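In what follows, a single structure is set out as structure tokens and then discussed.
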Amino acid sequence: MARKSRAQPVPEKPDADRALLWRIGIYIRISREDARSGGESESVTNQRKTNLAFIEENFQKGTFLLAGDYVDDGRSGTTEDARPGFQKLCEDIASGKVNCIICKTLSRAFRNYADQGKFLEQFLPAYGCRFIAVSNPFVDTLSNPECTQNMEIPINGLMNDRYAAKTSEDVRRIFRTKRMRGEFIGAFAPYGYLKNPENSSVLQIDPEAAEIVRNIYALFLDGMGISAIVRFLNDRGIPCPSLDKRERLGANYRNPNCGPKPLWSSSTVRNILKNRVYCGDMVQGRFRIKSYKVHIQEKVPEREWFVVENTHDPIVSRETFAKAQRLLEKDTRIAPGEDAPHLFSGFLRCADCGKAMVRSEVKGNVYYYCGAYKRQSKQACTKHTLRHRSLEAAVLYAIRLQLYLFADAAEAREKAGALPAEKFRSRELSAAAARKERELEKLSGYLRAAYQDWKDGAIGPEEYATLRESYRREEAALTESIRRLRAEAESRDAGSPFPAFFDGTGTLSGLSREILAELVDRILVSEGGKIRIVFRFSDGLKGKDAGSRC
């Protein structure tokens with residue numbers, strides 16, 4: 001096979017030395033760090049004034065035309081593809097609309113050494129475009145074409161690159177410390193909350209949006225599916241979070257994935273149901289930028305998230321949030337034309353092969369079959385047929401039986417007053433302790449990293465001492481929290497969760513998905529219609545997870 005030529009087409013290059021008209025594009029950039037520092041010297045207005053003054057002093061009237069300003073406000077200079085103003089400038093250079101660029105300094109155009117070399121030494125010469133940086137070091141590729149080849153410009157570019165790297169690490173370190181303390185660092189508060197006007201690191205409840213959040217949880221626990229909740233909200237004209245931020249709160253918020261009139265979506269509702277912020281915990285660091293040069297967002301493993309409990313007022317109780325999580329874990333696909341999942345959706349499993357049971361309606365009667373037998377192969381398993389009415393009656397009977405084994409109804413109601421819902425959460429307590437232990441492991445890593453930074457000269461002794469003291473305090477608080485959670489989990493004898501569902505007579509009148517999510521882990525169906533119910537709570541008589549056979 002003949003080799004393909006590596007030669008690339010060369011754009012037509014104008015004779016810049018004899019250009020009668022300079023079509024000047026003014027490039028302006030201000031980073032987020034510049035904006036936070038409030039430095040007027042690097043503001044958009046100041047850069048424009050500096051560049052225009054240079055043009056008036058060095059270009060005669062009639063020899064130039066201002067093609068326009070190309071502004072990147074709040075953008076990092078370490079990557080060119082994330083700067084829309086810079087990208088537009090490159091397009092206009094390639095099309096011939098611009099043949100001269102003027103910016104205040106090299107660092108305004110580049111903080112990436114590799115990008116600077118590619119742009120000055122390859123891209124601009126290919127299109128015959130002139131580049132001028134008006135401040136130290138002064139650069140003009142027309143009057144001094146060799147300036148990009150001498151040592152000063154590459155060294156300056158390298159210094160700008162290193163400065164960006166250090167600034168990025170400093171910002172990351174500050175954000176890491178704030179996250180560990182449970183301080184909110186986002187630009188916009190989560191839906192349902194507002195930033196405290198006196199301290200933007202603290203969240204406070206937004207009453208209007210919080211009521212919508214509570215309704216979403218209530219509808220979901222009442223059995224309504226996520227898609228049905230989306231239709232419910234949109235049909236009533238309730239603004240989705242992005243629209244609410246813009247129209248009601250007046251925030252300058254833009255979601256690139258939403259149009260001018262966005263609506264509620266399944267992902268939005270699901271994210272609200274899964275976000276621990278609504279039960280009072282601060283969860284941050286779920287995404288991160290790969291590096292200061294590669295501005296690509298990536299997901300962070302859950303074990304590396306920054307989770308600090310009880311940092312703000314909850315919108316929903318921990319019990320409500322926990323129920324929602326258990327329902328989300330179930331297979332809750334909704335049949336066409338239905339608004340809610342069926343009562344046992346996600347709870348039924350074949351006792352022999354472990355596959356989910358399949359629901360089927362025949363002549364008005366509902367039956368369940370082994371999923372492997374029904375959908376894969378009749379050789380994979382057997383039918384395991386079970387009628388819905390029989391299943392519902394058996395499960396309700398088993399739950400009532402557990403109640404009677406625990407105590408009579410009056411005694412159980414009395415215990416309900418002495419044993420609030422939190423006392424039935426030994427597993428939740430253990431899980432919370434495990435999360436704290438993971439945070440403690442991360443904290444030890446941060447302390448080692450700070451020590452290494454000090455030894456390498458990246459931070460001074462005073463900054464290291466401050467970080468060490470802060471980490472030590474966090475370490476002591478976490479250790480005490482872990483000790484308290486473990487002790488409480490070990491000393492607590494989990495009681496009956498039934499009282500929360502009693503009706504006025506002290507019995508359960510029927511089943512709902514909320515009751516199943518609270519009490520039942522799974523229901524195993526054997527051949528012949530026999531079932532085994534694995535309860536979530538600890539059986540007071542057996543001292544382990546209860547299981548009832550029917």
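Quantities reported herein were computed from a predicted structural model and do not represent experimental measurements.
The closest donor-acceptor contact from the side chain of Trp264 to the backbone of Phe232 lies at 3.5 Å or more, if one exists at all. No donor-acceptor distance shorter than 3.5 angstrom exists from the side chain of Glu183 to the backbone of Val202, with no hydrogens or angles considered.
Nearest heavy-atom pair, Ala210 versus Ile205, reported as atom, atom and distance to 0.1 Å: CB-CG2, 3.6 Å. Summarising the geometry of Leu273 relative to Tyr217, their closest heavy-atom pair is O-OH, 3.2 Å, with the distance given to 0.1 Å. In plain terms, the two heavy atoms of Asn275 and Phe321 that are nearest each other are O-CE1, 3.3 Å. In terms of heavy atoms, Gly182 sits closest to Met282 at O-CE, 3.7 Å. For Ser227 against Ser266, the heavy-atom pair with the smallest separation is OG-OG, 3.9 Å.
Between Tyr193 and Tyr278, the angle of the ring planes stays under 30°, which puts this pair in the parallel group of the 30/60° scheme.
When each of Ile272, Leu221, Val316 is paired with Ile216, the side chain to side chain contact (heavy atoms under 4.5 Å, CB included) condition holds for Ile272 and for no other.
Under 3.5 Å, the side chains of Tyr368 and His388 contain a donor-acceptor pair of N or O atoms. Counting only N and O atoms by type, the side chains of Asn310 and Arg318 include a donor and acceptor under 3.5 Å apart.
Rounding to the nearest 0.5 Å places CG of Asp244 at 8.0 Å from SG of Cys240. With values rounded to the nearest 0.5 angstrom, Phe86 atom CZ is found 9.0 Å from Asp72 atom CG. From Ile226, atom CD1 reaches atom CG of Leu328 across 5.5 Å, with rounding to the nearest 0.5 Å. Residue Gln284 holds its CD atom at 5.0 Å from CD1 of Ile185, rounded to the nearest 0.5 Å. Going from atom CG of Leu203 over to atom CG of Asp313 covers 10.0 Å, rounded to the nearest 0.5 Å. From Glu392, atom CD reaches atom CG of Leu386 across 11.5 Å, with rounding to the nearest 0.5 Å.
No side-chain heavy atom of Val525 sits less than 4.5 Å from a side-chain heavy atom of Arg349. Contact check for Val308 versus Asp281: no side-chain heavy atoms found under the 4.5 Å cut-off. Taking the side chain as every heavy atom from C-beta outward, Arg276 and Val307 approach each other to under 4.5 Å. Inter-residue side-chain proximity for Ile315 and Val277 is flagged as unmet; no heavy-atom pair is nearer than 4.5 Å. Looking at Leu524 and Ile531, their side chains never come closer than 4.5 Å, going by heavy atoms from C-beta outward. The side-chain heavy atoms of Ile229 and Asn215, taken from C-beta on, include no pair separated by under 4.5 Å. For the pair Cys350 and Cys381, the minimum side-chain heavy-atom distance is below 4.5 Å. Val358 has its side chain out of reach of Cys370: every pair of non-hydrogen atoms, C-beta onward, lies at least 4.5 Å apart.
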Check the pair Leu440 / Glu475 against side chain to side chain contact (heavy atoms under 4.5 Å, CB included), numbers first and verdict last. CA-CA 6 Å; Leu440 189 60; Glu475 187 177 51; 3.7 Å; yes

Take Ile523 and Val534 through the test side chain to side chain contact (heavy atoms under 4.5 Å, CB included) and record every step on the way to the result. CA-CA 6 Å; Ile523 301 171; Val534 181; over 6 Å; no

Is there a side chain to side chain contact (heavy atoms under 4.5 Å, CB included) between Val520 and Ile533? Walk through the geometry before answering. CA-CA 7 Å; Val520 176; Ile533 305 169; 4.1 Å; yes

Please assess Leu327 against Phe220 for the test side chain to side chain contact (heavy atoms under 4.5 Å, CB included), listing each intermediate value before the final yes or no. CA-CA 9 Å; Leu327 283 179; Phe220 185 67; 3.6 Å; yes

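The side chain to side chain donor-acceptor pair (under 3.5 Å) check on Thr311 picks up nothing, with sequence neighbours excluded.
Taking the six-membered ring for Trp and the full ring otherwise, the centers of His384 and Tyr369 sit at least 6.0 Å from each other.
Residue Tyr367 places its OH atom among more than 12 non-hydrogen atoms of other residues, nucleotides or ligands, all under 6.0 Å distant.
Pairs passing the side-chain hydrogen bond (donor to acceptor under 3.5 Å, both in side chains) check and including a residue from residues 195-211, sequence neighbours excluded, read Asp206-Arg248, Glu211-Arg214.
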